[in-house]
Amino acid sequence: MFIPKRVIFEKGSLDTEIGKNIYDKIKDNPNIEIINATSNKINVHIPGNNLFEQYRSGKQTLVVGTRKSLKFQTCKPSANYQLPLVSGCMGRCEYCYLNTQLGDKPFVRVFTNIDDVLNKAKEYIDERLPKITIFEGSATSDPIPLEPYTNALKKTIEFMADQEYGRFRFVTKYNDVDTLLNINHNNHTEIRFSINTPKIISTYEHYTASSHNRIEAAVKVAKAGYKIGFLIAPVFLYDNWKNDYKDLIKSIKQQLPSDFDKPIMFEIISHRYTTKAKNRIFQIFPETTLPMTDEDRKFKYGQFGYGKYIYSKEQLAEMKEFFISNINDVFPNNIIKYII
Ligand code: SF4
């Protein structure tokens, strides 16, 4: 659960149910500064003289406000639309794509008008009838650490349960799932857990849940009847990577109930970076040990005019073969969606 250092309430947000709920939860905590913003200039309340400081202050800041634009972004290929419930994330993963997305102050923002967002989702579903419309809840955030404050996922899951043609999915590196266990999801929501080897988590995924806790949360939601999946990402090909990823796959199996026989979905993504991301990472994490030597990678031109540095063709082929064989060995009943 996210425990911020400061909470900024935008105008009108304290009159909403979510705003009041957040205020009640934090008001007696002397370590949390409460700020009532009178203008839209949120950044003036977040300290920091340079990107390094601004990043850290931003990650400790929760902004409570209304979602003004109700136009949803598309979200191909994993879904049809992004569902904007939260933006930003308390985690500080060194390689995170949000580092280049959220500007100089990557604060966490929750939206108080979830009903408006869900009404809009209904319009998008109706527009596409009779096709199923899939919404992704974690395109610009990890919504789970905010759930104890907002119940936004709970509301969305219950809303989607009633939508014959609507589906919902999100991915997380956290484990605050208890409020999602005893609700009606009608099998319309899929929860994926992003996992990695203990070495990668402890080196690069700061302020996230441990691999054990994430798998434990996955077991809880699986027992509650949700479809579950694991996103193994980003995969790093370091010394001994095969042993570590093999152990990771086995540890999922060990934690699942022995009679668990539902299909488990896997998505595997190798580490990649752009020059823009690399430059930003060096400003935010000057001591980073992320492997980002361009000469060691293959440059792949991207569709949006910028390219990525990826592992070589041979390395990717080896990685693919490794994951297919190890996942098939341990989970005969699996669905590997992609390995890239
Ligand atoms: S948990 Fe996910 S969204 Fe949050 S910082 Fe890490 S990679 Fe980014």
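Basis for what follows: all heavy atoms, side chains included, without hydrogens, waters or symmetry-related copies. First listed ligand is number 1; within each ligand, the first listed atom is number 1.
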C93 backbone or side-chain N/O/S under 2.8 Å from atom 6 (Fe) of ligand 1: yes
Tabulate below the donor-acceptor pairs under 3.5 Å that side-chain atoms of residues 317-326 make, not counting sequence neighbours, or state none.
unit_1, atom_1, unit_2, atom_2, d
E318, OE2, K242, NZ, 2.7
N326, ND2, F322, O, 2.8

Sort out for me which residue in K298, R297, R272 forms a side-chain hydrogen bond (donor to acceptor under 3.5 Å, both in side chains) with Y311. R297
Can you tell me if K173 has a non-hydrogen atom under 4.0 Å from ligand 1?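 Yes.
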Show every donor-acceptor pair shorter than 3.5 Å between a side-chain atom in residues 166-183 and any protein atom, with sequence neighbours excluded, or say none if there are none.
unit_1, atom_1, unit_2, atom_2, d
R167, NH1, E164, O, 3.1
R167, NH1, H188, NE2, 3.4
R169, NE, E190, OE2, 3.1
R169, NH1, S78, O, 3.3
R169, NH2, E190, OE2, 2.7
T172, OG1, D142, OD1, 2.8
T172, OG1, D142, OD2, 3.1
T172, OG1, Y174, N, 2.9
K173, NZ, Y95, OH, 3.2
K173, NZ, S194, OG, 3.2
Y174, OH, G91, N, 3.2
Y174, OH, Y207, O, 2.8
D176, OD1, M1, N, 3.1
D176, OD2, M1, N, 3.1
D178, OD1, K220, NZ, 2.9

Measure the acute angle between the ring planes of F135 and F72, then classify it against the limits of 30° and 60° as parallel, tilted or perpendicular. perpendicular
Quick check: does C89 have an N/O/S atom under 2.8 Å of atom 4 (Fe) of ligand 1?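 For C89, the answer is yes, given that an N, O or S atom comes within less than 2.8 Å of atom 4 (Fe) of ligand 1.
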Please identify which atoms of ligand 1 are closer than 4.0 Å to at least one heavy atom of L98. 3 (S)
Under 4.0 Å from a heavy atom of G91: give me the atoms of ligand 1 that qualify, with their elements. 5 (S)
For atom 8 (Fe) of ligand 1, which protein heavy atom lies nearest, and how many Å away is it? C96 SG, 2.3 Å
Looking at H271 and L290, would you say the former's side chain and the latter's main chain have a donor-acceptor pair under 3.5 Å? no
